Amino acid sequence: MKVLLVFAALVAAARGEKLFVGDQVLRITASDEEQITLLRVLGQQEEFQVDFWRHPTSPGHPADLWVPFSSLQAVKTFLDSKSISYSVMIEDVQELLDEEKKIMAKSRRTLRSISTFDFASYHTIEEIYDWMDTLVEDHPNLVSKIQIGQSYENRPLYVLKFSTGGRNRPAIWLDTGIHSREWITQATGIWTANKIAEEYGQDPSVTAILDSMDIFFEIVTNPDGFAFTHSSNRLWRKTRSINTGSDCIGVDPNRNWDAGFGGSGSSSNPCSETYRGPHPHSEREVKAIVDFICGHGNVKSVISIHSYAQMLLFPYGYKTAPAPHHQELNEVAKKAVKDLAAVYGTKYTYGSISDTIYVADGTTIDWAYDNGVKYSFSFELRDTGRYGFLLPSTQIIPTATETWPALLDIMVHVLEHPWDLLTALGKGTAGGDKLGATIPMGFKEAQGAVGTQDGIFRLKMRALVLLAALVAVAAATETFVGHQVLRIVPTNDEELQKVQELQELEELQLDFWLTPRGLGDPVDIHVPFRSLQSVKAHLEANGVFYSVMIEDVQTLIDDEQTEMLRSNRGLTFSTDTFNYASYHTLDEINSFMDALVAENPNLVSKIEIGRSTEKRPLYVLKFSKGGTNRPAIWIDTGIHSREWVTQASGVWFAKKIVLDHENDEGLSSILDKMDIFLEIVTNPDGFAFTHTTNRLWRKTRSKHSGSICVGVDPNRNWDAGFGGSGASGNPCSETYHGPYANSEPEVKSIVDFVKNHGNIKAFISIHSYSQLLLYPYGYTSTPAPDQKELHDLSEKAVAALSSLYGTQYKYGSIITTIYKASGSTVDWTYNQGIKYSFTFELRDTGRYGFLLPATQVIPTAEETWLALKVIMEHTRDNPY
């Protein structure tokens with residue numbers, strides 16, 4: 001079996017299946033409302049990538065939080081700092097998944113040998129569909145399989161119909177698996193469907209129900225998500241629809257119904273696990289059920305089965321007002337829960353959704369109830385958190401067995417209490433039909449029709465992206481299909497050493513986006529697809545935990561290209577119409593600079609301080625109200641060419657200076673006394689190369705005799721500890737320092753400019769990513785003479801930055817905050833007497849790394865500007 005698991009792990013790695021090694025589930029119990037608020041804030045921090053399996057609701061009620069290994073230390077530190085108590089419910093998520101796979105593999109061998117379906121095992125979608133066909137074949141006079149639609153990825157949406165004949169009889173609807181990771185629900189659905197078929201004619205209650213009513217049962221309600229849980233990510237919850245304008249996939253299908261849609265109990269963020277979707281019934285999986293129930297017109301009960309928490313719930317979730325039939329529904333739930341507990345003693349809580357767990361809008365049963373289906377219930381099956389969504393398969397049959405009497409109680413009550421909405425309203429069948437009246441607008445619109453401008457645009461964009469892909473192939477553009485970015489957080493010296501060993505293995509062609517620094521500090525490694533298996537095997541063999549930060553690098557790049565094509569169509573070079581929320585090419589940025597100068601000739605000029613290796617001009621914008629050789633502030637962005645958010649922020653800064661130079665008192669007074677020099681594209685050859693050939697190129701493009709490798713790290717090429725540790729002498733390294741200090745014309749041009757000017761008072765070099773504000777030194781551990789002032793100023797700048805969006809930055813000297821780095825820009829400028837020398841590392845902390853979505857450009861620039869102003873104002877007020 002160990003051999004099988006190793007083989008399975010290798011297969012998983014080869015196909016990019018998400019692993020959860022070292023991930024934990026924490027049980028957190030807040031003691032007061034303040035802690036509840038803090039937990040909700042924690043859940044909104046996208047960089048942590050946490051997922052509340054059970055949401056924080058009220059003091060004393062447990063919340064379960066899945067935490068990726070890469071975020072464990074930060075999350076636990078946060079909880080400890082806020083005195084929020086927690087315990088570890090699941091020590092290692094991957095261990096449970098491995099055990100789950102082991103049992104599934106064993107079950108499949110049993111199936112092949114004795115040809116009997118194993119109800120005590122989890123199954124794939126193909127196995128479930130095959131079993132459904134067998135059930136229909138075995139019970140042709142009772143069971144049929146109907147298709148009510150297709151999923152987003154065009155999988156059939158199958159429903160089992162249990163009927164003894166007749167047309168449009170009163171019916172009961174059951175569904176399981178609307179949240180795909182809740183495998184116990186689909187497994188319980190299989191067992192329950194089999195139970196219904198077997199008990200008809202044997203059990204008086206089942207027989208009486210089916211003699212008068214039909215039962216419709218959708219076992220795999222979210223087939224795309226369910227297939228994805230088996231192939232790629234076991235903990236996937238949502239659908240798999242693509243969200244326009246977002247990298248994030250899927251919609252929560254239990255927040256997509258037209259019942260309080262868009263309220264406070266769901267999210268408008270496509271990256272959230274409770275994202276409601278762009279509009280009600282946007283998801284085919286939901287719309288198919290809506291159409292079926294509305295088209296049927298005689299469904300008397302809807303029962304939607306979830307996990308976990310051991311609850312039986314009824315409407316409402318989207319409002320706190322009791323449902324008109326609250327008392328009756330509560331009594332039915334009370335009896336069902338009592339009979340469920342009688343089997344094994346399992347305790348369930350029951351009540352309305354909003355009273356029992358939390359406000360949740362857009363849910364299945366709220367919609368069903370509002371559309372006249374009085375007996376609408378939702379189960380949350382086992383357990384209460386010990387295993388959560390990873391309930392061992394040994395609990396399938398006990399779970400299904402105890403749930404059955406509760407289901408039977410509800411169905412018998414429905415049978416014995418016929419109820420018709422139209423009669424209850426006193427309207428008869430000819431009066432206003434509430435069911436029909438509440439069908440959302442567009443109810444009869446054909447699914448999948450492309451008739452809107454948005455639909456036409458999407459088709460055009462797909463064509464443009466396809467064309468771009470073909471051009472890329474023809475131009476030999478490097479692609480990154482299947483490449484991943486792994487995050488490792490070494491916890492001891494041995495793990496740190498094993499990670500450092502990877503740096504020496506050139507044949508793997510690894511790119512350390514965040515290099516090894518110390519224990520507890522994250523290391524991000526861009527791993528080519530062909531090296532993934534080797535790298536993961538090395539880490540696993542040495543007991544080094546890792547997580548996947550970016551599943552497929554090329555997917556992010558494709559999304560980036562799509563956004564650029566869309567955003568920059570019909571681009572004109574007025575700086576008022578320029579799209580600051582998009583990434584741009586070198587030519588577009590140069591044209592922007594020309595337009596800015598033309599529009600503001602009394603404030604802005606463009607100077608050329610030199611030429612790059614490939615003879616591109618090195619342009620600098622000068623903002624000045626006049627005078628010669630005045631004190632000055634230097635800002636540069638994009639010295640590392642792949643850090644696109646820096647050049648984009650530089651463009652925004654340039655426009656901001658123009659807009660605010662008269663209206664902002666602080667900026668106006670700075671420009672009254674000082675000039676500002678801004679080099680937006682500090683490494684133009686590398687930047688052009690990121691657009692034409694290799695999006696992840698970092699260095700310059702100079703050639704070196706004796707080596708086939710191109711380029712120098714321009715932030716290791718300065719004459720400050722040049723050639724020391726923290727840089728590489730290998731021309732193929734991403735941190736190659738070059739043959740000698742200032743060898744790169746991009747560096748030498750700035751050196752010459754600064755020396756010739758002689759009156760630069762602040763020098764700010766802007767990079768990404770990590771969310772840091774750094775000052776000298778990087779090449780020596782000796783504190784800078786002005787360390788206290790620089791540290792205090794950094795603290796104020798970071799506080800100003802965080803005040804806008806709450807983005808958290810660390811600050812300190814380079815060597816104490818990240819690592820030793822020789823030959824860096826700000827160390828050289830500080831040694832030249834420029835006291836206020838700083839380096840920013842902008843967003844994010846690793847979720848996207850160097851591939852930050854363009855939607856974050858303006859927020860990043862806005863918050864950074866606040867910090868820049870603090871530094872510039874301090875420089876103005878503290879002449880030296």
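Numbers for residues simply follow the sequence, beginning at 1. Just so it is clear, the model here is predicted, and its values are computed rather than measured.
Note that the CZ atom of Arg642 and the CG atom of Leu696 stand 6.5 Å from one another [nearest 0.5 Å]. Atoms CG and OG1, from Asp224 and Thr229 in turn, are 11.0 Å apart once rounded to the nearest 0.5 Å. Going from atom OG of Ser354 over to atom NZ of Lys319 covers 10.0 Å, rounded to the nearest 0.5 Å. For the atom pair CD1 (Ile289) and OG1 (Thr364), the distance works out to 6.5 Å, reported to the nearest 0.5 Å.
Looking at Glu478 and Arg695, no side-chain N of the basic residue comes within less than 4.0 Å of a carboxylate O on the acidic one, giving no salt bridge. The pair Asp133-Lys145 meets the salt-bridge criterion, with a side-chain N (NZ, NE, NH1 or NH2) lying under 4.0 Å from an Asp/Glu carboxylate O. With salt bridges taken as basic N to acidic carboxylate O contacts below 4.0 Å, none links Asp98 and Arg234. Taking 4.0 Å as the cut-off between side-chain N and carboxylate O, Arg181 and Asp51 count as a salt-bridged pair. Taking the charged nitrogens against the carboxylate oxygens, Arg237 and Asp252 do have a contact shorter than 4.0 Å, which makes a salt bridge.
When side chains are defined from C-beta on, Thr864 counts as touching Leu842, because their heavy atoms get closer than 4.5 Å. Leu391 is listed as a side-chain neighbour of Tyr122, based on a closest heavy-atom distance under 4.5 Å. Residues Ile525 and Val485 fail the side-chain proximity criterion, which asks for heavy atoms closer than 4.5 Å. Ile190 has its side chain out of reach of Thr176: every pair of non-hydrogen atoms, C-beta onward, lies at least 4.5 Å apart. Inter-residue side-chain proximity for Gln24 and Leu72 is flagged as met; some heavy-atom pair is nearer than 4.5 Å. Considering only heavy atoms from C-beta on, Val75 comes within 4.5 Å of Leu26 through its side chain. The side-chain heavy atoms of Arg843 and Thr807, taken from C-beta on, include a pair separated by under 4.5 Å. Inter-residue side-chain proximity for Trp53 and Leu390 is flagged as met; some heavy-atom pair is nearer than 4.5 Å.
Checked against the 6.0 Å centroid criterion, the rings of Tyr318 and Phe261 do not qualify as a close aromatic pair. Taking the six-membered ring wherever Trp is involved, the centroid distance between the rings of His584 and Phe578 falls below 6.0 Å. If you look at Phe529 and His483, their ring centroids are not closer than 6.0 Å.
In plain terms, the two heavy atoms of Leu514 and Ser770 that are nearest each other are CD2-OG, 3.1 Å.
Trp173 and Phe292 have tilted rings, their planes meeting at an angle from 30° to 60° on a 0 to 90° scale. Ring planes of Trp236 and Phe228: perpendicular class, angle over 60° (limits at 30 and 60°). The aromatic rings of Tyr308 and Phe389 lie perpendicular to each other, with more than 60° between the two planes, well past the 30° mark.
Each disulfide (SG to SG under 2.5 Å) pair with one or both residues in residues 234-267, not counting sequence neighbours, appears once here: Cys248-Cys271.
Annotation: salt bridge (Lys or Arg N to Asp or Glu O under 4.0 Å) contacts of Glu273 (sequence neighbours excluded): none. With sequence neighbours excluded, the residues satisfying side chain to side chain contact (heavy atoms under 4.5 Å, CB included) with Ser547 are Ser70, Arg487, Met549.
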(request) List the steps and the verdict of ring pair (Phe, Tyr, Trp, His ring centres under 6.0 Å) for His526 and Phe512. (result) CA-CA 6 Å; His526 166 211; Phe512 280 76; over 10 Å; no
(message) Evaluate Asn256 against Ser282 for side-chain contact (heavy atoms from CB on, under 4.5 Å), listing each step before the verdict.
(response) CA-CA 7 Å; Asn256 188 238; Ser282 62; 3.0 Å; yes
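Cation-pi geometry between Arg276 and Trp257 is not met at under 6.0 angstrom from the ring centre and within 45 degrees of the axis.
Although no hydrogens or angles enter the test, the distance criterion places a donor-acceptor pair under 3.5 Å between the side chain of Glu182 and the main chain of Ser307. Side chain of Asp366 to backbone of Gly260: no donor-acceptor contact under 3.5 angstrom is found.
Remark: the Asp361 side chain and the Ser266 side chain contain an N/O donor-acceptor pair separated by less than 3.5 Å.
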